[in-house]
Amino acid sequence: MARPGRGDRGLPPPRRLGVRLGARERPADEHRPAGGGSARPPGAPRPRPAPGRPRGPDERPSDRQPDPGLRVPRPPPDPRRGGDRSLDVRDRFRVGRRLQSRLRRRDDGRSARNLLWPCLLRHRGVRLCLRPDPPDRRPVAPGREGPPGRADVPHRERHRPRHHARPGLRPGRLRAVHPRRAPRGRRGVPPRAGDPVPAGSKARHARDEPLRGGLVRDLRLGPRPHRGGGPAPRFPGRADPRKPSRPHCDGSGRSRRARPRGPVRSREGRLLSSAALPPRFEAREVEARWQTEWDRAGAFRGPDRARPPTFSLVLPPPNVTGVLTLGHMLSDTVMDILVRRQRMKGVPTLWVPGLDHAGLATQVEVRRRLQKEGVVFEELPREEALRAIEAWREEHAARIAEQTRAAGFSVDWTRFRYTMDAESARATREVFVRLYRDGLVYRGERMVNWDPKLKTAISDLEVQHAEEEATLLYVRYAWADGSPGGLEVATVRPETIFGDVAVAVHPEDARHAAAVGREVRVPLTDRIVPVLADPAIDPTFGGGALKVTPRNDLVDYEVFQRHPELSMPPDILDDGAHLTGPWVPTAYHGLSVEEARPKATEALEAAGLLVRREPYRHSVARSERSEAPVEPRISTQWFVRMPGLAAPVVDAVRRGEIRIHPSRWERTFFRWMESIQDWCISRQVLWGHRIPAYFCRACGKPTVSVDPPARCEHCGGRDLLEDPDVLDTWFTSWLWPFLALGWPERTADLDRYYPTSVLVTGRDIMFFWVARMMMSGYYFTGQRPFSDVCFHGMLRDEEGRRMSKHLGNSPDPLDVVRERGADAMRFGLVFPNPTSEDGSFGPTALDGGRNFLTKVWNLGRFALGHLPPGTEPPRRAPSLAPTSSLENRWILSRYRRTAEEVDRALAAYEPTRGASALHAFVRHDLADRYVEIAKDALAGRRGEVLERETRSTLLYVLERTLRLLHPFVPHVTEELWHALPHDGELLTLAPWPDPAEAPTDPGAEVAMEPVLEAVRLLRNLRAEERIPTDLRPPAWIRPAGPEVARVLSSEVATIERLARVRPLVLLEPGAPAPPRSGSRVVPLGECYVERTPASAAETESLEREREKLTRLLEKTRARLGDRGFRDHAPAEVVREAEEKAKELEERIGRIDEHLKESGSSGANA
RNA sequence: GGGCGCGUAGUCUAGUGGUUAUGACGUCACCCUGACACGGUGAAGGCCGCCAGUUCGAAUCUGGCCGCGCCCA
């Protein structure tokens, strides 16, 4: 299958990008200081905020109006580069192309920082300088925001008392007590003895434990939302006396800030929305509420009047065997994501839930339960046994339904199906009869896998092989004629000697050539058997001679069949694998295989026939259900002829009619399909669909019929006996896609929703189920049952074992949902687990999910707080002029790319990719960057126009992002969506966003880079210089080129605010570094380091940087010095390397200068 | 025994021939900053399993080896 090429990624072709960029270019003389006026490009609808715009209340002149002397002029052309490259149009074009290729990768989740800097690298380093104010010169902002008495108290002092007033409590614990959480008026008051204690530390410990058990414990211990009136305080005796005053206690023991109910006023006194959201997402309450709402609205009913194309899928019916595991949750979440997206796209969708009776598996479980009560299942009368199973089913079916509902899966419960309901029974019988009439079902005596514990035949797929230790015995078979010696036969199963009919050697084995045709005496018996030659014998195994026990080994059976001179011996094992029969000495009768083995070994030894024994590791077949060693057994069973059924399926997959994702499983699929064996479908158990075959007591032949026949179709006899056996569960399950839609009736649902769209499942049942469904689909409906198969990985616990109900190592999803919420579980499952690989799931994944939801929730709260009542829902993307604020253009463009990526990922059945894209976008772009930048504008400090524009941009992006997130985390998004201005009744029915609605703006994305990079640099410097957080020291940047200067100068205020510096001054290229300033070398350019007294860390990091750059430079130079490289590499690559080398040399040079300075000034200090 | 897949910071993970190797969790440091401490900022942490080969150039392609997993017999 063709992988989507790069061109499919929905990005505009390079030329257009280049043109766009070019069009955005302003004449160089427009470069101006921050806040300066802007010439209006022709056709631009509205002017940018005027230079004389109103100032924010806390704004000082120096905030915005850099000294005219510091205006950033165009640097002189660089003679080495033959002109001012950054203004060269062709160069621009190249940036566009590179940007494009970078942005492509960006879609793979790379960070913006690493994405774009290479485009900027050529501009040379930005110099950043930053100097902390000495304490006495610290600016005390007049009229600063914040409650009086706060801003003027030095930060450190403000908090110190809290740490020192309680010597008995470690600061680490106090840390978690948020002063703002205390009711107003109590800020800064140290916690008292009765105050809640943070739970974090304790929860951490639990989190370190392995998943099994650990998770459950952790879930109980971890911080969790308080359920109104719910659990008692977790620390008895520490009840919080302030509780009544805190309506939104989170129950984790931490107090929350009391939030005033009713209208909220912003700092400026404007009325904000009164529909304030609670400070924390209360998963349990919100999730239950929306699940009810969705049900009430019938949102998940498959439309009855749908016309193709529709989107439909069947839920792989879980076994009633037990409850659902997190593995099911992963699978179901993937399906839910796909379905919900389609539903939002307006496609009629149907998701059919169901339940599988899981015959043998269920019977085993019920048997086990009865055993605990002292009841032997096999001894129960049939009716009673069935009643016991039915009781089990009811109990578990309810539990499974509860689990499915709690997770918020959008299945259509009105179409629920059970594989043992009347319709399913009818369909199963029809299928059997039809296959029988078509000659594809037959009854035959063949070697089958026999489970001696459950006393039933099982299919090849139900057999598990595992390596086990055993002892290999070398047994001498004496010559029958009494001549000395004999043949040495190696075996691990001496107890089957009684069933031997021959000894076989390889025909070309020279050692035994003379033996062929002679006869040997079977040890422990007096039977004489021939020595045969057969090509199946492995001459390298043991002595090269194999004993032939046709009833007890498949290979032996095949050898036997090739030698018609042999006759079939009587059985030596009964159905419980006990020795029996005329060939077995009476001393062994009734012994199990395990008991007989040592006994036979001893006897052989006593008889002097045991030559030697050696330890041996070999593969043992065990029954999947009972774990008993499987005995090959010749038995009469019903079979389905598979090769004929498989052929059309193989064709269909080859033709691409059914696509398998990830496609690498196709090979495995084909291999199995092409060597497929007949399927043994009869089971000697109670629980299942009875085989619709009726044996005539007169002639012994079966009459096969959907309804019980009146007479034998062979002899007309009336005395008929229903076949006591039942059918393999999978004989019903393999019909599921059409069975669930009403087949064999020609129902409307079949017309509308068949073939289904996609099948999502773990690949553990690829052969059991998926392949067989394809076969039945083509055979019975003539159509593919689904167009796409999507295999996901198996969840493993933290010990790497597969999660299964069998091992009991999966937490109950219901517990997970109760403790952390369905959305947290869903995101925690999908986000870290690529569909193609096996994944893991533990408490940390859950935390990640929950934390992300909290982030989204708080974004919603933030936005809500900045929207005046009556704000219109965002009907279309805000149309931003090219002169609009950079951050708005940027976030729209980023949103657009994210939307595209999510769409693409889901269309390719890769929900993890979609989740990653959304996670990265929400956390990094939207929350960490955009919102932080936009705060100024939203507070009205950058003028009304910008405030309005920013508001509508924020609302638009957030609202559309909620829609994109909805399939992943439906509840929290539904709740937030309703709190925000919106059109429509339910988010779950709201339209899926068209990414193209929002414009891409590569120019804004490029321009944003230096801004973000500058912020990062300054913050880094602050940290290195250990400048207290509440200081806003002055800072300087020496921009690298005019382009960077232009961007930076227009965003000075933003950088100042985010980096917490003031004022930020842009220096001219040649200007000297400000005195007593610290600087750093950073990736973007070079960086200067300053020398303050504590500069060891700085010097160290400079040296590290230098080392790194030097290594890189050497590498680059080596490459450039290589003839081969110059001759063979594309010119562009060579040029890039040259530029890079120059770049590096310069940067290293600057670092050296700094190190030198630092050395001298360090000495002075 | 055969087949398939996987080895990338302590852990999980992105990365289809030119990147200063991505992100998350964890770790360390600073920080309650008017959405969010379930938080913010910054930092440290990588012979991209090993060895050959192809190539001007390999985490990426090929072969071998080692380790792990799965499927099949």
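Just so it is clear: chains get the letters A, B, ... in the order the sequence lines come, proteins before strands, and each one is counted from 1.
Base contact: A/Ala927 has a heavy atom under 4.0 Å from a base atom.
Pairing analysis of RNA chain B (Watson-Crick: purine N1 to pyrimidine N3 plus N6-O4 or O6-N4; G-U wobble: N1-O2 and O6-N3; both under 3.5 Å) yields stems of 3 or more pairs at B:1-7 with B:66-72, B:10-12 with B:23-25, B:27-31 with B:39-43, B:49-53 with B:61-65.
Scanning for side chain to side chain donor-acceptor pair (under 3.5 Å) contacts around A/Arg1119 gives an empty result, with sequence neighbours left out. Take A/Arg1111 and apply the salt bridge (charged side-chain N to carboxylate O under 4.0 Å, His left out) test, not counting sequence neighbours, and it matches A/Glu1107. In this structure A/Glu1114 satisfies the salt bridge (charged side-chain N to carboxylate O under 4.0 Å, His left out) test with no other residue, sequence neighbours excluded. Every residue was checked against the salt bridge (charged side-chain N to carboxylate O under 4.0 Å, His left out) condition with A/Glu558, not counting sequence neighbours, and none meets it.
Minimum atom distance to the side chain of A/His924 is reached by B/A24, of the listed B/A24, B/G18, B/A35. Of the candidate nucleotides B/C36, B/A35, B/A73, B/A35 has the atom lying nearest to any side-chain atom of A/Phe862. The side chain of A/Asp928 lies closest to B/U41 when the candidates are B/C72, B/U41, B/A35. Ranking B/A24, B/A35, B/A43 by closeness to the A/Arg1016 side chain, first place goes to B/A43.
Phosphate proximity of B/U20 to A/Lys1140: present, with a side-chain N or O under 4.0 Å from OP1 or OP2.
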Check nucleotides 56-59 of chain B against the protein and report each pair of N or O atoms closer than 3.5 Å, with its distance, or say if there are none.
unit_1, atom_1, unit_2, atom_2, d
B/C56, OP1, A/His1128, NE2, 3.1
B/C56, O4', A/Gly1124, O, 3.2
B/C56, O2', A/Asp1122, OD2, 2.7

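For a distance-only test at 3.5 Å, the side chain of A/Ser619 qualifies as a donor-acceptor partner of the base of B/A73.
For the pair A/Gly860 and A/Phe852, both in contact range of RNA chain B, the more 5′-proximal nearest nucleotide belongs to A/Gly860.
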